[in-house]
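Keep in mind the model is a prediction, meaning the values are calculated, not measured. Chain naming here is simple, since letters A, B, ... match the order of the sequence lines and numbering starts at 1 in each.
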Number of protein chains: 2
Amino acid sequence: MVKITDVARHAGVSPSTVSYALSGKRPISEETRQRVEASIRALGYRPHAGARALATSRSKVLALVVPLRAGIHVPVVMQFAVSVVTTARGHDHDVLLLTQEEGEEGLRRVADTALVDALIVMDVQLADPRLPLLRSLDRPSVLIGFPAEPAGLTCIDLDFKAAGERCVEHLAGLGHRVVALVGSPPEVYVRQTAFAQRVVQGFTAAADRGRLASSVHPCAASPAAARAVAEQLLWEQPALTGVVVHNEAILEPLIDAFEELGLRVPGDLSVTAICPDELAESLRVPVTSIALPSGEVGARAVELLVKKLGGKAVPEATLLAPRMTERGSTARRAVA
Amino acid sequence: MVKITDVARHAGVSPSTVSYALSGKRPISEETRQRVEASIRALGYRPHAGARALATSRSKVLALVVPLRAGIHVPVVMQFAVSVVTTARGHDHDVLLLTQEEGEEGLRRVADTALVDALIVMDVQLADPRLPLLRSLDRPSVLIGFPAEPAGLTCIDLDFKAAGERCVEHLAGLGHRVVALVGSPPEVYVRQTAFAQRVVQGFTAAADRGRLASSVHPCAASPAAARAVAEQLLWEQPALTGVVVHNEAILEPLIDAFEELGLRVPGDLSVTAICPDELAESLRVPVTSIALPSGEVGARAVELLVKKLGGKAVPEATLLAPRMTERGSTARRAVA
DNA sequence: TTCCCCCGTCGAAGCGCTTCGACGTTTCTC
DNA sequence: GAGAAACGTCGAAGCGCTTCGACGGGGGAA
């Protein structure tokens, strides 16, 4: 292994000069710098990460904790991870991958051993057991999603409330007067993340504001459940013409069910969703949707973290404004 | 930060004794060890990863390079990554996540800076540009998949040739005499990984051996392409009763197409696939399939790497035997 | 009893890097 | 033209850990 003293000898300077030439933390004459750089290239020198981490107490590594729990939409997680890695590299950092499974002990371990400088935690629960730990850690962190008590933590996510509102407003703008929200599986509403509730809040608020008739239906992640909800909706709200779907797994089966029940999309029924763009695009009937911008969230999370590492203040809460893409699944209400 | 000297002072011993008590590399009296461990707990001591890496020239971190290329089945990659992380943790290692995008420079960087001790490279191409680099690196690596010239490298993958054979034998055993392979998109066969070719080899060899009539059809990853292949098959091989599918994206559309063309699965047509179990299970018609055992491959890859790091010799090639799970999509050939 | 060896522990060196203080040399500033 | 300030470089210390050699004490072999 070639080390800094080798470079120094080769270039005829002291090791500290090499270090300064590299970091630019002190002025070095142009000529010396050139010579040092030439030696570095000639010898193929790379600073030893561990030594540097020891001397600077900065590892230039970020931890990323990914969820494993069933019901998580895998492509979203992957896209998120890739964008975190890419953005981190752009800021000269690497990414250590941890699984949820490791739990609090895992977080404490990588933080306390100084393996990582900072942490990104996905899939945050309302009352996440990791919150006190994250608050007490001496390294900064960013949470994806909002817990019930976000004070003292940096959180980022799509503004799900606004997303719910936006969907209703879109439908209202097309003349729809009776709408329904088909949401996440029931258990999500009780135990999990806050985003499901926020969608409901936004949906309901916007419907009330616009004086639309509305209803909310949790729905399990199976085609059968989708079918059941479709039938129930037709029975309970015969005048229904607009549906908002916030449940990746049943988006397609639900549309199929509606069509089998004789409702054309978007002819008889307009459908909008909150889901990844790729999903909305890939369906038989491309769906007008609010994007789940996992890539952007990942990039922004890294940027927040890097700022914190740089000693700058960052907002505690970052809500990404929803962006809607119109596709073929919504239309102006047919006047009967 | 609490360091080893703090523990030493607290326990009334020297730092080296603490180190030996922890590593067990020299005998330490039971009583002293107890005292040291008590101090460690009392102070919450964690060895500094960078310092340890510097002293031992071992970071206890593995690099995992994940593919980004389109056409990769994302859940498979994710499952693989999770199993790598889990297994690595079981061997007291962590995992650094790199994207294909970083290329050779990225590999060189993490290896030469001693950020990682070893590398796992997924999605290996037949003539992968990273091969010479991996051979020259001073750290061990394991490739997922087999390049054209695997000599000097450690590779692991499902035995795709055996998988192709196994599918044919299964169909032959059920009395089928005319079979077809619907494979990966055409471009895969020219530029990409070797596994596609190996399936073809196994399929063809087994068909010839069993004197079955057979044909091979690459197929693009779109429902339309699936439909086209289905029609073509019926036209060209009217006596066709057995199909092997090696293409995740079109498995479902292809079955749909067959049924729309009047062929019941498995009544008129038996279908087997080489794909992840979750996919095979989740279809409307659960498909008899050879599993793509990404979890197992990941775990085995880590174990190979750990062995190499321990100085033990490992086989250059590891081929995982195919495992078939029978589901509802194959049946004995109806005797007309 | 003597010698040797092993056990248990300590002190010091060293891993490769950064950074602080110091010092000679220029370059301004008034 | 003298003092101050800035420049460019060096040497040494230190980051926290492991490990090598050394050493005193106790037990076994002779």
TODO: State which residues pass side chain to side chain donor-acceptor pair (under 3.5 Å) with A/S83; sequence neighbours excluded, sorted by chain then number.
DONE: none

Task: Which residues share a side chain to side chain contact (heavy atoms under 4.5 Å, CB included) with A/P15, sequence neighbours left out - done: A/I4, A/T5, A/A8

Task: Flag, side chain of A/H91 to backbone of A/H93, donor-acceptor distance under 3.5 Å - done: no

Below 3.5 Å is the cut-off: list the nitrogen or oxygen pairs between protein and nucleotides 13-16 of chain D, distance only.
unit_1: D/dG16; atom_1: OP2; unit_2: B/K3; atom_2: NZ; d: 2.7

- [ ] For A/K60 and C/dC17, give me the distance from atom NZ to atom P, rounded to whole Å.
- [x] 15 Å

- [ ] Using a heavy-atom cut-off of under 4.0 Å over every strand shown, decide if B/T32 touches base, sugar-phosphate, or nothing.
- [x] sugar-phosphate

Open item on the list: In whole Å, I'd like the distance from the CZ atom of A/R33 to the P atom of D/dC7.
Closed with: 13 Å

Task: Pairs where residues 8-25 of chain A contributes a residue and the test salt bridge (Lys or Arg N to Asp or Glu O under 4.0 Å) is met, not counting sequence neighbours - done: A/D6-A/R9

- [ ] Report the end-to-end axis angle of the helix from C/dT1-D/dA30 to C/dC30-D/dG1; each axis comes from five terminal pairs, and the value is rounded to 10°.
- [x] 30°

Task: Counterpart residues, salt bridge (charged side-chain N to carboxylate O under 4.0 Å, His left out), relative to B/R135 (two or more places apart) - done: none

TODO: Could you check which residues of residues 9-18 of chain A get a heavy atom under 4.0 Å from DNA chain C? Sort them by number, please.
DONE: A/S16

Task: For B/T87, all residues meeting side chain to side chain donor-acceptor pair (under 3.5 Å), sequence neighbours excluded - done: none

Which atom pairs link the protein and nucleotides 21-27 of chain C when you take only N or O atoms and keep those under 3.5 Å?
unit_1: C/dG21; atom_1: N7; unit_2: A/R26; atom_2: NH2; d: 3.1
unit_1: C/dG21; atom_1: O6; unit_2: A/R26; atom_2: NH1; d: 2.2
unit_1: C/dG21; atom_1: O6; unit_2: A/R26; atom_2: NH2; d: 3.3
unit_1: C/dA22; atom_1: N6; unit_2: A/R26; atom_2: NH1; d: 3.2

TODO: Calculate, to the nearest 0.5 Å, the distance between atoms CG and CD1 belonging to B/L143 and B/I156 respectively.
DONE: 10.5 Å

Task: Pair listing, salt bridge (Lys or Arg N to Asp or Glu O under 4.0 Å) test, anchored in residues 136-157 of chain A, at least two apart - done: none

Open item on the list: My understanding is that only residues two or more places apart in sequence, or in another chain, count here; which of them pass ring-ring contact (aromatic ring centres under 6.0 Å, His included) with A/F80?
Closed with: none

- [ ] Considering only NZ, NE, NH1 and NH2 on the basic side and carboxylate oxygens on the acidic side, decide whether B/E101 and A/R89 come within less than 4.0 Å.
- [x] no

Task: A/E104 bridged to A/R109 by N-O distance under 4.0 Å - done: no

Open item on the list: Taking B/D117 first and then B/K60, would you say they form a salt bridge - that is, a charged N and a carboxylate O separated by under 4.0 Å?
Closed with: no

Task: Atom-pair distance (NZ on A/K25; C1' on D/dT9), nearest Å - done: 18 Å

TODO: Keeping to residues at least two apart or across chains, list the ring pair (Phe, Tyr, Trp, His ring centres under 6.0 Å) pairs with something in residues 10-31 of chain B.
DONE: none

TODO: Look at B/S29 and C/dT9 and indicate whether a side-chain polar atom (N or O) is within less than 4.0 Å of OP1 or OP2.
DONE: yes

